[in-house]
Amino acid sequence: MKRTVFLVMVLVSALVISCNNGGNNSQQLPFGRGGMGSGDFDPQAMVDRQIEDMDERLDLSDDQEDQVREIMEENMENMAAMREEMQNSGGGFEGMREQMQKSREELDNKMKEILSEGQWEEYQVMQEERRQMRGQGRPPMN
């Protein structure tokens, strides 16, 4: 009987430890790489990471990199302003979502002007991969 109680306690302890480790937020990936991170979001670091990824996959020229950086920083500021406005006004999520979708479309239009045709196609693939990582499998824009 004592042995059974001991085994049950060991199993319960193992289950509790397992559940606690599963909820450990300090192990999350940084924002932009599949998770929201620990709350220390740095927009500039996110832009830097995206530029690095794009340069690696698209082989951006120095001029393209500067233009893309400027566009992405502007977009990041616009998105932050929209989020803040929604939080302060108590506005609905749908309205914000529509504004952010419009902002993403404007970003894509600007990117299409900067990138060559081959780079644009690869950029769309990259965007689709990001959507898939976020679980938002929308079709790529043309």
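Quick note: residue numbers are just sequence positions, from 1. The shown structure was predicted, so the numbers you read here are calculated from the model rather than taken from an experiment.
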Problem - Audit row: R130, D53, side-chain contact (heavy atoms from CB on, under 4.5 Å) steps and yes/no - result: CA-CA 12 Å; R130 283 193 176 121; D53 289 345; 3.7 Å; yes

Exercise for the section: Calculate, to the nearest 0.5 Å, the distance between atoms CE and CG belonging to M100 and L107 respectively. Expected result: 12.5 Å

Problem - Any side-chain heavy-atom pair of M72 and M54 under 4.5 Å - result: yes

Practice task
Could you pull out the closest heavy-atom pair between W120 and L115, with the gap in Å?
Solution key: N-CB, 3.9 Å

Fill in the blank from the handout: Here the gap from Q50 atom CD to E73 atom CD, rounded to the nearest 0.5 Å, amounts to 11.0 Å

Problem - Residue pair M46 / R49, side-chain heavy-atom distance below 4.5 Å - result: yes

Handout entry: Atom pair CD/OG of E74 and S103 - distance to nearest 0.5 Å
Key = 8.5 Å

Practice task
Check whether the side chains of Q119 and Q64 place a donor and an acceptor atom closer than 3.5 Å, and report yes or no.
Solution key: yes

Practice task
Indicate yes or no: at least one non-hydrogen side-chain atom of I71 is less than 4.5 angstrom from one of E113.
Solution key: no

Exercise for the section: In sequence, state the C-alpha distance, the side-chain angles, and the governing distance for Q44 and D48, and then conclude on side-chain hydrogen bond (donor to acceptor under 3.5 Å, both in side chains). Expected result: CA-CA 6 Å; Q44 189 60 49; D48 290 343; 3.2 Å; yes

Exercise for the section: State, to 0.1 Å, how close V47 and R69 come at their nearest heavy-atom pair, and which atoms those are. Expected result: CG1-NH1, 4.0 Å

Problem - Sub-4.5 Å side-chain heavy-atom contact between M126 and L58 - result: yes

Problem - Sidechain-backbone polar pair: R131 side chain, Q127 backbone, donor-acceptor under 3.5 Å - result: yes

Handout entry: Approximate separation, where rounding is to 0.5 Å, of S61 OG and Q67 CD
Key = 7.5 Å

Fill in the blank from the handout: Those residues at least two apart in sequence (or on a different chain) that pass side-chain contact (heavy atoms from CB on, under 4.5 Å) with E121 are E117

Problem - Residues K102, M82; criterion side-chain contact (heavy atoms from CB on, under 4.5 Å); working and verdict - result: CA-CA 12 Å; K102 183 180 176 188; M82 280 187 252; over 6 Å; no

Practice task
Carefully, step by step, assess N78 and E106 under the rule side-chain contact (heavy atoms from CB on, under 4.5 Å).
Solution key: CA-CA 11 Å; N78 290 342; E106 290 172 4; 5.6 Å; no

Exercise for the section: Might you confirm whether atom CG of D62 has over 12 heavy atoms from other residues, nucleotides or ligands at distances under 6.0 Å? Expected result: no

Handout entry: From D108 atom CG to R104 atom CZ, the distance as rounded to the nearest 0.5 Å
Key = 9.0 Å

Completion exercise
With sequence neighbours left out, the residues meeting side-chain contact (heavy atoms from CB on, under 4.5 Å) with D66 are none

Practice task
Please say whether more than 12 non-hydrogen atoms of neighbouring residues, nucleotides or ligands are located less than 6.0 Å from CD in E70.
Solution key: no

Fill in the blank from the handout: When rounded to the nearest 0.5 Å, the distance separating CD1 of I114 from CG of L60 is 9.0 Å

